[in-house]
Engineer: 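Before anything else, here's the structure in question.
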Amino acid sequence: MTQLGHGTLGRREALAVGATSLVGGIAGCSWQSSFPNADVVAGPDGQLVFEPEDLTVSVGETVTWGFPTSGHNVCCRSDDSDKVRLPDDAEPFASYDPGESPQGTVVPLGETYEHTFEVPGEYVYVCIPHVGQGMVGTVLVT
């Protein structure tokens, strides 16, 4: 018998708990090995989040977003979402071209998107297809 916390588990239950923990741990790291140079990952492990949600960089730095799952984009254009915020002098940016549909244009699975931040301030960006589910991130440029 193996004790875990306050309860006692039989050998099979203990092995099942250990195997589940191992698989969960490996699955949770799968996106990291796919995008070792990404500063932000869009939709890691199928979650509707940017990881990390908040990032601080210096003026002139380039941020790279990695896309280990499909169906996501990056938008920092206030014309495309009322959740977007950027400094007054900053140029809006997005992972899709200005003439493309923000709702239907996503970054292909396994690809990256980059943007260089030239103006200091706070940038709040979104994934247009999932902004309603709270897929919002922030880059603070100092």
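None of the values given here were measured: they were computed from a predicted structure.
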Engineer: Counting C-beta onward and ignoring hydrogens, is there a side-chain heavy-atom pair between Val136 and Val124 closer than 4.5 Å?
Structural biologist: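 Side chain of Val136 against side chain of Val124, heavy atoms only: contact under 4.5 Å found.
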
Engineer: Mark yes or no for whether Glu111, through its side chain, and Pro108, through its backbone, hold a donor-acceptor pair below 3.5 Å.
Structural biologist: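 Judged by distance alone, no pair lies under 3.5 Å.
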
Engineer: So which heavy atom on Asp97 is nearest to which on Glu100, and how close?
Structural biologist: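 For Asp97 versus Glu100, the nearest heavy atoms are N-OE1, 2.7 Å.
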
Engineer: Could you pull out the closest heavy-atom pair between Pro87 and Pro120, with the gap in Å?
Structural biologist: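 Heavy-atom minimum between the residues: CG-O, 3.4 Å.
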
Engineer: Examine Phe35 and Tyr125 and state if one hydrophobic cluster contains both, with Ile, Leu, Val, Met, Phe, Trp and Tyr joined whenever side-chain heavy atoms are less than 4.5 Å apart.
Structural biologist: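 No.
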
Engineer: For the CG atom of Leu86 and the OG atom of Ser78, what is their distance to the nearest 0.5 Å?
Structural biologist: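 Between Leu86 CG and Ser78 OG, I get 6.0 Å after rounding to 0.5 Å.
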
Engineer: Is there a donor in the side chain of Thr64 and an acceptor in the side chain of Glu114, or the other way round, less than 3.5 Å apart?
Structural biologist: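 Yes, side-chain donor-acceptor contact under 3.5 Å.
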
Engineer: Flag the pair Thr138 / Leu55 as yes when at least one side-chain heavy-atom distance between them is below 4.5 Å, and no otherwise.
Structural biologist: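 Of all side-chain heavy-atom pairs linking Leu55 with Thr138, none is under 4.5 Å.
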
Engineer: Give, for atom CZ of Phe93 and atom NE2 of His115, the distance between the pair rounded to the nearest 0.5 Å.
Structural biologist: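 Atom-to-atom, Phe93:CZ and His115:NE2 are 4.5 Å apart.
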
Engineer: Nearest 0.5 Å, please: how far is SG in Cys127 from CZ in Phe67?
Structural biologist: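 Between Phe67 CZ and Cys127 SG, I get 7.5 Å after rounding to 0.5 Å.
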
Engineer: What I'd like to find out is whether the side chain of Leu140 reaches to under 4.5 Å of the side chain of Asp54, using heavy atoms alone.
Structural biologist: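 No. Closest side-chain heavy atoms not under 4.5 Å.
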
Engineer: Under the ring-ring contact (aromatic ring centres under 6.0 Å, His included) test, which residues partner His130, sequence neighbours left out?
Structural biologist: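 With neighbours one apart ignored, the set is His72.
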
Engineer: Any heavy-atom pair between the side chains of Phe50 and Val74 that's under 4.5 Å?
Structural biologist: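 In contact.
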
Engineer: Can you name the nearest heavy-atom pair linking Gly71 to Val106, along with the distance?
Structural biologist: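 It is C-CG1, 3.5 Å.
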
Engineer: Decide yes or no for Gln103 and Pro129: does some side-chain heavy atom of the first lie under 4.5 Å from some side-chain heavy atom of the second?
Structural biologist: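 Gln103 vs Pro129: side chains touch.
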
Engineer: Between the side chain of Asp39 and the main-chain N/O of Trp65, is any donor-acceptor distance below 3.5 Å?
Structural biologist: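 Looks like no, no N/O pair under 3.5 Å.
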
Engineer: Taking the side chain as every heavy atom from C-beta outward, state whether Tyr123 and Val141 have any atom pair closer than 4.5 Å.
Structural biologist: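 They are in contact (side-chain heavy atoms under 4.5 Å apart), so the answer is yes.
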
Engineer: For the side chain of Thr69 and the backbone of Gly43, is there at least one donor-acceptor N/O pair under 3.5 Å apart?
Structural biologist: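 Answer holds: yes.
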
Engineer: Same hydrophobic cluster for Val131 and Val40, using side-chain heavy-atom links shorter than 4.5 Å among ILVMFWY?
Structural biologist: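 Yes, because Val131 and Val40 connect within a single hydrophobic cluster, where side-chain heavy atoms sit under 4.5 Å apart.
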
Engineer: Roughly how far apart are Asn73 CG and Thr105 OG1, rounded to 0.5 Å?
Structural biologist: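 Here the rounded value is 7.5 Å.
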
Engineer: Are Val63 and Val119 co-members of a hydrophobic cluster defined by side-chain heavy atoms under 4.5 Å apart?
Structural biologist: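 Same cluster.
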
Engineer: Quick one: does Ser58's side chain have a donor or acceptor within less than 3.5 Å of a partner on Glu61's backbone?
Structural biologist: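 No.
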
Engineer: If you look at every heavy atom in Val84 and Cys75, which pair is closest and at what distance?
Structural biologist: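 Smallest heavy-atom distance, with atoms named: CG2-O, 3.6 Å.
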
Engineer: Would you give the length of the straight line joining atom CE of Met135 to atom NZ of Lys83, rounded to the nearest 0.5 angstrom?
Structural biologist: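 Those atoms lie 15.0 Å apart.
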
Engineer: Without hydrogens or angle criteria, can the side chains of Asp80 and Tyr96 be said to hold a donor-acceptor pair below 3.5 Å?
Structural biologist: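 Yes, a side-chain donor-acceptor pair sits under 3.5 Å.
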
Engineer: Rounded to the nearest 0.5 Å, how far apart are OG1 of Thr142 and CZ of Phe117?
Structural biologist: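 The CZ atom of Phe117 is 12.0 Å from OG1 of Thr142, to the nearest 0.5 Å.
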
